[in-house]
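Sequence lines set the chain letters: A, B, ... in the order given, protein chains first and strands last, and positions in each chain run from 1.
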Amino acid sequence: MSVLIFIDHIDGHIKKASLEAASYGAKIAEQTGDTAEALVLGNVNEDLTTLGRHGIKKVHQVQHDNLKQIDAQVYTKVIEQVAQQTGAKIIVFSNNSTGKAIAPRLAVRLKAGLVAGAVALPDTTNGFVIRKNVFSGKAFAYMAITSEIKIISLNLNAFTIVEKEGVAELSQFNAVVDVPTIKVTGSTKTTGKVALTEADVVVSAGRGLKGPENWKMVEELADILGAALACSRPVADAHWRPHNEHVGQTGIAIAPNLYIAIGISGAIQHLAGVNRSKVIVVVNKDAEAPFFKAADYGIVGDAFEIVPKMIEAVKKVKGIS
Amino acid sequence: MRILVCISKTPDTTAKIAFTDNNTKFAEAGVQWIINPYDEWYALVRAIELKEADTSTIIHLINVGAADGEPIIRKALALGGDEAIRINTIPTDPYLAASQIAEIVRQSAEKYDIIFTGKETIDYNNGSLGGMLAEILDRPYVALATHFQIAGNIATVKREIEGGEETIEVSLPIVVSCQKGMAEARIPNMRGIMAARTKPLKVVEPVAVESLTKVVEFGLPPVKAGVKLVSPDQVDELIRLLHEEARMI
């Protein structure tokens with residue numbers, strides 16, 4: 001039997017979230033005494049045998065013209081074929097945009113229970129129980145999957161990528177691949193060099209910045225930290241920043257290692273989207289801002305004075321002049 | 001055009017999250033209930049906009065839940081739904097909820113060209129219902145949509161992908177999960193509220209479907225140790241802490 005891990009890629013490169021999923025799935029396989037096998041649909045520029053470094057023993061690749069764009073219906077049927085042939089009892093996705101489109105469909109086809117947004121390894125001592133975030137990160141739930149086949153979508157940044165020695169065996173899988181029913185007619189990259197949901201460090205700013213013209217210093221800080229940019233809901237609603245930078249309960253939920261919030265008061269709805277960050281730094285001139293209660297480090301002060309100083313200090317630490 | 005909007009009842013975004021019965025149940029006492037924001041602000045309002053552009057459009061609302069969800073269904077009708085259906089069972093699992101809704105769609109004389117859902121509910125954060133529904137009904141599914149336009153039988157949809165957006169074209173019928181960008185939140189007007197009182201709200205009994213997952217226990221995240229405040233004159237010290245203590249820079 002196998003634990004099958006779906007490997008997602010973009011522009012020919014495997015996504016970081018999928019390396020987390022691979023490491024997580026391999027760990028489950030160790031736990032259950034199964035083999036960790038990965039599945040790649042389409043072509044990637046990277047050497048797939050290197051997935052062995054994350055604990056994968058075997059990689060199944062399906063190459064087909066119909067897989068050039070992600071059509072969840074088409075992908076689901078291909079994954080079903082691989083899952084059946086490899087006898088997969090546990091299937092792992094990253095809970096990213098691709099996983100969110102495919103995992104629920106596959107769950108129906110395989111009549112498999114799905115836990116979307118897992119944040120820890122399953123407990124198999126009494127059934128199959130997985131911890132996931134609920135109430136937008138304000139609580140968690142232990143979910144039992146009661147079906148024979150189990151599907152887990154792992155939250156981004158919830159499991160550390162494992163790096164060790166290992167080479168995976170690569171094998172081509174011949175699958176029946178349907179013609180897509182959707183047509184991708186264009187794509188746009190959002191501003192910023194780092195994808196928000198995949199970023200290790202996120203620099204976020206709110207109404208305290210007073211206007212969109214003041215974002216330059218925030219961008220500079222993000223730039224030298226290699227961070228993604230985010231903002232609070234009022235900022236996106238006022239069109240100071242694009243809506244895809246809005247993090248919070250009704251925007252994007254993120255879990256970076258470091259979240260720096262500048263001029264954001266920290267309303268409960270904002271916290272719900274960022275409270276899974278490992279370390280939170282808050283800069284706000286209002287000492288009573290609720291965000292300080294959720295922060296690890298804070299400075300009570302004016303963003304317009306503090307941020308330029310932060311930029312200088314980071315440059316010093318990083319040795320950038 | 002026939003549109004079905006799936007709406008779910010969730011605690012208000014500011015509700016205090018606590019649990020009872022040995023941490024197996026959400027503590028509902030004193031909680032204010034709302035339409036799941038993604039269902040209301042984006043799915044329902046976009047449907048209403050489509051109806052405003054083409055007045056022959058019909059919007060039906062569907063909710064899986066107990067009778068205590070009827071106030072939020074009435075609110076959705078006040079915003080602009082034409083009719084509502086409530087499937088009288090507790091949605092313990094997205095597979096169960098999707099199976100119930102799919103059964104209604106199959107049985108219905110309406111063919112529902114478009115089924116809108118929110119991208120996820122703010123209580124369970126699964127985001128699985130739309131995909132499951134699409135698979136049961138064998139329809140295309142576009143998750144995490146930020147824009148939606150329709151021309152004849154073809155929908156043009158923008159969806160979120162990692163680090164960007166993708167524009168896709170797809171033929172109806174479809175299922176779409178909606179998020180920020182689709183529409184702007186509205187509040188119901190008095191005329192809508194009055195009209196909603198007499199709009200049809202049909203209650204149907206569920207079909208037998210088993211859940212594939214269940215909650216064993218809830219828990220609350222550990223409380224933070226407390227913020228370490230650094231003086232505004234010592235920004236260097238903050239960065240040093242992040243570098244040496246937290247090892248984040």
Side-chain angles (χ1 to χ4, degrees), chain A residues 10 15 72-73 96-97 100-101 104-105 107-109 113-117 129 133-136 138-147 181-190 195 197-198 243 246 249-251 257-258 268-269 279 292 294-299 301 306 309-310 313-314 317, chain B residues 13-14 17 37-38 41 94-95 98 122-128 130-132 134-136 140-144 159-171 180-181 211-221 224 227-230 232 235-236 238-243 246 248-249:
Chain A
I10 190 162
K15 289 182 188 172
Q73 237 172 337
N96 67 3
S97 58
K100 282 175 182 169
R105 296 200 82 114
V108 168
R109 285 197 87 80
L114 164 65
V115 170
V129 178
N133 284 313
V134 291
F135 296 99
S136 308
K138 285 178 261 184
F140 55 82
Y142 289 97
M143 302 292 304
I145 304 183
T146 48
S147 55
T181 55
I182 67 164
K183 193 167 90 189
V184 177
T185 57
S187 65
T188 49
K189 289 256 177 262
T190 42
T197 50
E198 296 225 322
H243 66 77
H246 162 205
Q249 184 151 28
T250 53
N257 291 330
L258 175 60
I268 191 166
Q269 295 93 336
V279 172
F292 285 114
D296 299 279
Y297 300 95
I299 293 187
I306 306 296
K309 287 186 190 167
M310 286 173 83
V314 172
V317 165
Chain B
T13 53
T14 56
I17 306 302
Y38 295 107
W41 303 350
Y95 177 74
I122 61 166
D123 47 9
Y124 283 91
N125 307 117
N126 283 318
S128 306
M132 289 182 172
E135 187 59 37
I136 300 170
Y141 171 53
V142 184
L144 309 173
R159 71 173 170 196
E160 178 197 320
I161 54 171
E162 267 67 53
E165 279 188 341
E166 202 169 64
T167 307
I168 54 184
E169 286 180 8
V170 56
S171 304
K180 199 176 175 90
S211 291
L212 301 175
T213 59
K214 65 169 192 237
V215 175
V216 179
E217 194 183 4
F218 289 106
L220 294 170
K224 287 242 176 190
V227 61
K228 196 177 262 188
L229 283 178
V230 177
V235 177
D236 281 2
L238 171 75
I239 301 301
R240 188 195 67 77
L241 285 168
L242 290 176
H243 181 56
M248 288 295 168
I249 291 178

Notebook entry, point to check: For the residue pair Val215(B) and Met143(A), what are the closest heavy atoms and their distance?
Noted result: CG2-SD, 3.5 Å

Next item on the list: With sequence neighbours left out, write down each residue that passes salt bridge (charged side-chain N to carboxylate O under 4.0 Å, His left out) with Lys214(B), or none if nothing qualifies.
Entry: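 So Lys214(B) forms no salt bridge (charged side-chain N to carboxylate O under 4.0 Å, His left out) with any residue.
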
Next item on the list: Can you sort out the partners of Glu135(B) under salt bridge (charged side-chain N to carboxylate O under 4.0 Å, His left out), two or more places apart, ordered by chain and number?
Entry: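 Here the qualifying residues are Arg105(A), Arg109(A).
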
Next item on the list: Evaluate the side-chain proximity of Tyr297(A) to Leu229(B): yes if any heavy-atom separation is below 4.5 Å, no if none is.
Entry: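 When only atoms from C-beta onward are counted, Tyr297(A) and Leu229(B) do not touch, as no gap falls below 4.5 Å.
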
Check: Is any side-chain heavy atom of Thr146(A) less than 4.5 Å from a side-chain heavy atom of Ser211(B)?
Finding: no

Margin query: Does any backbone or side-chain atom of Glu198(A) lie under 4.5 Å from a heavy atom of chain B? Answer side chain, backbone, both or neither.
Written below: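 For Glu198(A), side-chain heavy atoms alone lie under 4.5 Å from chain B.
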
Note to self: Please classify the contact of Thr197(A) with chain B as side chain, backbone, both or neither, using a heavy-atom distance under 4.5 Å.
What the structure shows: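 Contact with chain B: side chain only.
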
Taking every heavy-atom pair that is under 4.5 Å apart, which of [options] has the most such pairs with chain B?
| options | answer |
| --- | --- |
| Ala294(A), Gly251(A), Gly186(A), Ala101(A) | Gly186(A) |
| Ala313(A), Ala107(A), Gly298(A) | Gly298(A) |
| Ala144(A), Ala72(A), Ala295(A) | Ala144(A) |
| Ile268(A), Val279(A), Thr250(A) | Thr250(A) |
| Val115(A), Ile10(A), Val129(A), Val314(A) | Val314(A) |

Margin query: If we ignore hydrogens and angles and just use 3.5 Å, is the side chain of Thr213(B) paired with the main-chain N or O of Gly113(A) as donor and acceptor?
Written below: no

Next item on the list: Look at the side chain of Asn125(B) and the backbone N and O of Phe135(A), then say whether any donor-acceptor pair between them is shorter than 3.5 Å.
Entry: yes

Can you say whether [X] sits under 4.5 Å from chain A via the side chain, the backbone, both, or neither, judging by heavy atoms?
| X | answer |
| --- | --- |
| Tyr38(B) | side chain |
| Tyr141(B) | both |
| Ile122(B) | both |
| Ile136(B) | both |
| Pro221(B) | both |
| Leu238(B) | side chain |

Measuring from [X]:[atom1] to [Y]:[atom2], what's the distance to the nearest 0.5 Å?
| X | Y | atom1 | atom2 | value |
| --- | --- | --- | --- | --- |
| Gln269(A) | Thr13(B) | CD | OG1 | 3.5 Å |
| Lys100(A) | Asn126(B) | NZ | CG | 11.0 Å |
| Met248(B) | Asn257(A) | CE | CG | 4.5 Å |
| Leu241(B) | Asp296(A) | CG | CG | 11.0 Å |
| Lys309(A) | Asp236(B) | NZ | CG | 9.0 Å |

Notebook entry, point to check: Checking side-chain contact (heavy atoms from CB on, under 4.5 Å) for the pair Ile299(A)/Val235(B): CA distance, chi angles, key distance, verdict?
Noted result: CA-CA 8 Å; Ile299(A) 293 187; Val235(B) 177; 4.1 Å; yes

Note to self: If the test is side-chain hydrogen bond (donor to acceptor under 3.5 Å, both in side chains), which one of Glu162(B), Glu160(B), Glu166(B) qualifies with Ser97(A)?
What the structure shows: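 So, applying the side-chain hydrogen bond (donor to acceptor under 3.5 Å, both in side chains) to Ser97(A) and each of Glu162(B), Glu160(B), Glu166(B), only Glu162(B) qualifies.
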
Margin query: side-chain contact (heavy atoms from CB on, under 4.5 Å), that's the test. Do Leu258(A) and Ile249(B) meet it? Break it down for me.
Written below: CA-CA 9 Å; Leu258(A) 175 60; Ile249(B) 291 178; 4.0 Å; yes

Margin query: Determine whether Arg240(B) and Val317(A) satisfy the following criterion, side-chain contact (heavy atoms from CB on, under 4.5 Å), listing intermediate values before the conclusion.
Written below: CA-CA 8 Å; Arg240(B) 188 195 67 77; Val317(A) 165; 5.9 Å; no

Margin query: Quick check for you: among Val142(B), Val170(B), Ile17(B), which has the greatest number of heavy-atom pairs under 4.5 Å with chain A?
Written below: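 Highest number of heavy-atom pairs under 4.5 Å: Ile17(B).
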
Checklist line | side-chain contact (heavy atoms from CB on, under 4.5 Å) assessment of Ile182(A) paired with Glu169(B) | finding: CA-CA 6 Å; Ile182(A) 67 164; Glu169(B) 286 180 8; over 6 Å; no

